[in-house]
Amino acid sequence: MSRLAEPLARLLGTRTANALAKLGLVTVDDLLRHYPRRYADPGQPTDIGSLQLGEHVSVLAHVVHARVASFASRGGARLEAVVTDGQHQLTLTFFGKSAGALRYHEQRLTPGASGVFSGTVGEYRGKRQLTHPDYLMIGAEVEDDETALYEASRPIPMYPATASMQTWKIQRCVRTVLDTLSEDDVPDPVPAAVRDRAHLPGRLDALRLVHRPATSADAHQGRHRLRFEEAFVLQAALAQRRARTAAEDATARPARPGGLLDRFDAALPFTLTDGQVAVGKEVADDLAQARPMQRLLQGEVGSGKTVVALRAMLQVIDAGGQAALLAPTEVLAAQHARTLRAMLGPLAEGGLLGGDADGTRVALLTGSLGAAARKEALLQAASGEAGIVVGTHALLGEHVQFADLGLVVVDEQHRFGVEQRDALRAKGRVSPHLLVMTATPIPRTVAMTVFGDLEVSSLTQIPAGRSGIQTVVVPAGNPRWLERTWQRVREEVDAGHRAYVVCPRIHPDSPGSPEAPTAIAESDDADLVGPGGPGEEGGNAPLRAVLEVAEALRATPALAGLEVDVLHGQLPPAEKDAVMARFAEGTSQVLVSTTVIEVGVDVPEATVMVVYDADRFGLSQLHQLRGRVGRGSAAGLCLLISAAEPATPAAARVEALAETTDGFRLAQLDLELRAEGDVLGAAQSGRTSGLRLLRVVKDADLIEEARRESADVVAADPDLTDHPALADAIAAQLDAGQEEFLERA
């Protein structure tokens with residue numbers, strides 16, 4: 001067993017190891033990767049005025065005085081000490097059976113001494129206090145004055161801690177473990193040559209600098225080195241994926257003059273944007289190569305990604321292959337099939353009466369298909385009759401076969417993991433080409449970190465004929481604004497348009513249960529509540545639900561006589577299709593829905609969207625929702641009902657959305673507002689991303705440097721035979737389950 005894999009119980013004892021295990025720290029490596037959250041400067045006490053009641057805190061402060069008083073009436077004694085940050089004061093209270101029992105604390109809590117005091121913030125007679133706090137007096141645990149002075153001048157590591165394992169106890173455990181390790185015990189995944197070029201210390205030295213810094217500069221240097229390591233390991237893993245893909249054989253699918261693609265282009269009723277032409281050429285050139293295309297196509301809402309993808313599919317069909325389009329929901333898969341058939345016209349009716357004799361077919365395969373329809377779709381895919389097969393996860397089934405799968409198109413890539421993507425690619429005789437699409441614009445640093453194994457193409461232009469979208473924030477507590485909201489909806493419907501009303505969940509709270517769960521997770525309605533969910537400002541207020549809102553709108557005078565329908569992920573697939581069909585044809589004019597309509601749903605007549613609890617959604621998600629309106633020639637209107645308090649992160653999100661429709665700018669802002677774990681999908685997948693210190697937004701330059709260095713290392717040694725520590729680090733950080741986070745943004 002390596003020293004890093006050694007159980008902490010062997011080094012620290014069972015009792016201490018059990019306390020550390022509650023923090024998820026079981027091995028030596030776990031403990032060494034439990035980095036300080038911050039560093040306290042003995043000369044800069046904690047801001048006591050910012051402490052919240054009920055909060056478990058570790059406070060650095062100076063002692064003002066400490067006094068012991070006996071209880072004459074009932075026996076026992078109390079020690080009351082007061083500490084300060086120089087402006088505010090905090091009381092420390094200890095109780096004992098006698099005054100003598102408290103003398104130990106009184107002698108240590110001498111006026112002017114500094115310490116770290118840990119406990120839960122309470123209040124007594126209007127004063128903040130810690131009752132029976134644990135504490136560590138700075139410089140008091142050493143044997144001589146010189147050492148005490150040295151300790152009192154060092155930054156104090158402040159670790160994520162618990163009531164049973166305080167920050168200074170963790171510090172002692174780390175110190176005990178570090179003192180037993182040698183260079184040979186701590187393999188370094190960053191090669192020596194890379195460290196020399198980047199002027200980085202070795203890994204063991206970096207750990208010592210982070211956990212036992214003599215100066216703030218030491219801590220900074222150590223953290224910089226460990227951030228680089230995280231970026232380097234991640235980028236090396238991505239470089240290996242790129243190298244493996246480049247080494248695979250693929251069937252070249254060059255364009256064929258006079259084929260389906262040329263005929264489709266000739267029949268297009270509109271002119272492609274410059275961006276569509278440029279990206280189309282990139283994709284066409286990739287398809288013509290005998291190595292698998294690996295390309296991410298990102299584009300603004302309504303930028304025309306579907307046309308680019310369809311043209312790629314037709315090029316592959318012209319070259320004798322088939323294309324599969326994987327969509328995250330049945331609603332979106334069915335709509336893709338309808339859209340592709342409509343765009344192709346007779347070209348999608350090959351072999352049918354009235355169809356084009358040289359055309360192809362578009363098959364739809366979802367889990368809810370009846371036996372006969374499923375059998376027909378499977379036969380069309382296996383025989384090659386269907387040049388395009390659209391489906392959900394059902395495409396991944398073992399009974400699904402293709403005659404010659406040449407291209408896999410994955411829509412809304414963040415909804416799928418690596419395993420799902422590769423399961424579909426494995427259905428080709430050789431590796432099919434891959435085109436990944438996302439309507440969520442991805443900032444450069446995220447694309448480089450999360451989609452680093454893919455080439456990136458971007459569509460930033462909106463096709464001609466699209467109208468703008470006006471976005472207005474509606475204060476939830478203003479009845480007049482709310483009344484006007486429904487009047488505007490009525491005006492749009494009376495003009496022949498349709499309206500979406502989006503709610504964050506399906507079912508209302510149970511009566512008398514305001515603390516009921518505020519979101520529901522389901523296959524088609526995942527991530528209903530974004531960063532503004534429970535725990536943020538207003539996070540415990542009941543959220544509006546589809547079923548209750550639909551009933552309320554049916555009784556709203558401004559909407560009298562309108563047909564109000566509902567859509568959510570728990571409806572049977574056939575009913576979802578029927579609901580969307582009624583809305584698209586105008587039988588229903590108002591659709592109350594969850595975020596199941598977030599991606600891809602295309603009803604050009606929809607011009608107005610009302611989003612309840614808008615402050616509880618993520619910024620990118622709101623942008624995607626907004627993109628469902630204004631898709632035709634009429635202008636769109638998005639009304640965001642928000643209860644966010646001014647100057648809060650939630651208010652910043654909705655205000656930013658009202659100020660701009662630039663999805664790339666919003667994506668960057670969203671990235672800055674979100675937690676790093678969410679960026680890499682840890683919140684959605686339930687797994688850690690392996691990144692402890694690296695920050696995608698702040699560390700862009702460092703990530704780029706790590707990307708260059710790792711690419712050179714992998715190019716010279718693809719299997720990392722000469723770099724076993726790096727290979728082990730990749731295996732540990734990106735095991736088969738955790739690798740999923742690489743594909744989620």
Side-chain angles (χ1 to χ4, degrees), residues 8 12-13 15-25 31 34-68 78-96 101-102 104-124 127-142 148 151-152 154-177 210-213 219:
L8 291 173
L12 303 174
R15 183 175 179 181
T16 299
N18 288 341
L20 289 169
K22 294 179 180 177
L23 285 164
L25 311 179
L31 181 61
H34 189 70
Y35 303 124
R37 177 180 289 143
R38 61 185 176 87
Y39 297 88
D41 180 346
Q44 297 292 326
T46 305
D47 179 9
I48 292 174
S50 67
L51 302 181
Q52 302 295 314
L53 288 175
E55 181 182 15
H56 188 274
V57 298
S58 293
V59 177
L60 174 64
H62 306 307
V63 178
V64 178
H65 61 75
R67 299 190 183 96
V68 175
R78 178 183 68 194
L79 182 147
E80 188 173 279
V82 174
V83 297
T84 182
D85 60 8
Q87 183 175 1
H88 306 96
Q89 292 190 336
L90 179 69
T91 301
L92 314 178
T93 305
F94 301 83
F95 296 97
L102 297 173
Y104 169 77
H105 296 299
E106 185 181 26
Q107 291 168 0
R108 301 186 74 209
L109 297 170
T110 56
S114 298
V116 180
F117 308 95
S118 180
T120 301
V121 181
E123 192 172 55
Y124 180 67
K127 295 181 180 179
R128 297 291 166 91
Q129 71 169 8
L130 302 180
T131 303
H132 281 286
D134 290 299
Y135 63 93
L136 175 72
M137 301 310 295
I138 297 172
E141 308 296 321
V142 295
E151 290 290 342
R154 296 165 65 102
I156 303 169
M158 305 294 280
Y159 293 89
T162 65
S164 61
M165 182 54 65
Q166 295 84 13
T167 177
W168 57 84
K169 290 183 180 178
I170 296 173
Q171 183 183 3
R172 289 171 182 161
C173 292
V174 171
R175 183 172 299 185
T176 298
V177 169
V210 163
H211 290 295
R212 300 184 61 181

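- In this structure, His211 and Tyr159 have side chains that are in contact, with non-hydrogen atoms separated by less than 4.5 Å.
- Side-chain contact check for Thr84 and His62: no donor-acceptor pair (N or O, by modelled atom type) lies under 3.5 Å.
- Of the possible donor and acceptor atoms, none in the side chain of Arg78 sits under 3.5 Å from a partner among the backbone N and O of Gly96.
- In this structure the side chain of Val59 never reaches within 4.5 angstrom of the side chain of Val83, judged on heavy atoms.
- A donor-acceptor contact under 3.5 angstrom links the side chains of Gln129 and Thr131, judged on distance only.
- Of the possible donor and acceptor atoms, one in the side chain of Thr162 sits under 3.5 Å from a partner among the backbone N and O of Met165.
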Does the pair Val121 and Leu130 meet the rule for a side chain to side chain contact (heavy atoms under 4.5 Å, CB included), with working shown?
CA-CA 5 Å; Val121 181; Leu130 302 180; 4.1 Å; yes
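- Rounded to the nearest 0.5 Å, atoms CD1 (Ile156) and CG (Leu136) are 7.5 Å apart.
- Annotation: side chain of Thr176 is in contact with side chain of Leu12 (closest heavy-atom distance under 4.5 Å).
- A donor atom on one side chain and an acceptor atom on the other are found under 3.5 Å apart for His105 and Tyr135.
- Looking at Pro133 and Phe94, their side chains come closer than 4.5 Å, going by heavy atoms from C-beta outward.
- Under a 3.5 Å cut-off, the side chain of Thr16 and the backbone N or O of Gly13 do not form any donor-acceptor pair.
- Here the closest non-hydrogen pair linking Pro157 and Gln171 is CD-NE2, 3.6 Å.
- Atom CD1 of Ile48 is separated from atom CG of Asp85 by 4.5 Å, given to the nearest 0.5 angstrom.
- Among all heavy-atom pairs drawn from Leu109 and Ala81, the shortest one is CD1-CB, 3.9 Å.
- The minimum heavy-atom distance between Ala66 and Leu79, with the atom names listed, is CB-CD2, 4.5 Å.
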Might you work through the side chain to side chain contact (heavy atoms under 4.5 Å, CB included) test for Arg37 and Met158, ending with a clear yes or no?
CA-CA 6 Å; Arg37 177 180 289 143; Met158 305 294 280; 5.5 Å; no
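- Counting non-hydrogen atoms of other residues, nucleotides and ligands closer than 6.0 Å to CZ of Phe95 gives a total above 12.
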Could you walk me through whether Arg212 and Arg175 pass the side chain to side chain contact (heavy atoms under 4.5 Å, CB included) check?
CA-CA 8 Å; Arg212 300 184 61 181; Arg175 183 172 299 185; 3.5 Å; yes
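- In this structure a side-chain-to-backbone donor-acceptor pair under 3.5 Å is present from Tyr39 to Val210.
- Between His34 atom NE2 and Leu20 atom CG the span is 8.0 Å, to the nearest 0.5 Å.
- When side chains are defined from C-beta on, Asp47 counts as touching His88, because their heavy atoms get closer than 4.5 Å.
- When every heavy atom of His56 is checked against every heavy atom of Ser118, the shortest pair comes out as CE1-OG, 3.4 Å.
- Residues Pro155 and Pro213 share a closest heavy-atom pair of CD-O, 3.6 Å.
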Chi angles and distances behind the side chain to side chain contact (heavy atoms under 4.5 Å, CB included) call for Val116, Trp168:
CA-CA 8 Å; Val116 180; Trp168 57 84; 4.0 Å; yes
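- Shown here for Arg108 and Met137, the closest heavy-atom pair between the two residues is O-CE, 3.9 Å.
- Taking CD of Glu80 as the reference point, atom CG of Leu102 lies at 12.0 Å (rounded to 0.5 Å).
- Atom OG1 of Thr167 and atom CG of Asp134 lie 11.5 Å apart (nearest 0.5 Å).
- Put simply, the side chain of Leu90 reaches to within 4.5 Å of the side chain of Leu51, judged on heavy atoms.
- In this structure, OG1 in Thr93 is found 9.0 Å from OH in Tyr124, a value given to the nearest 0.5 Å.
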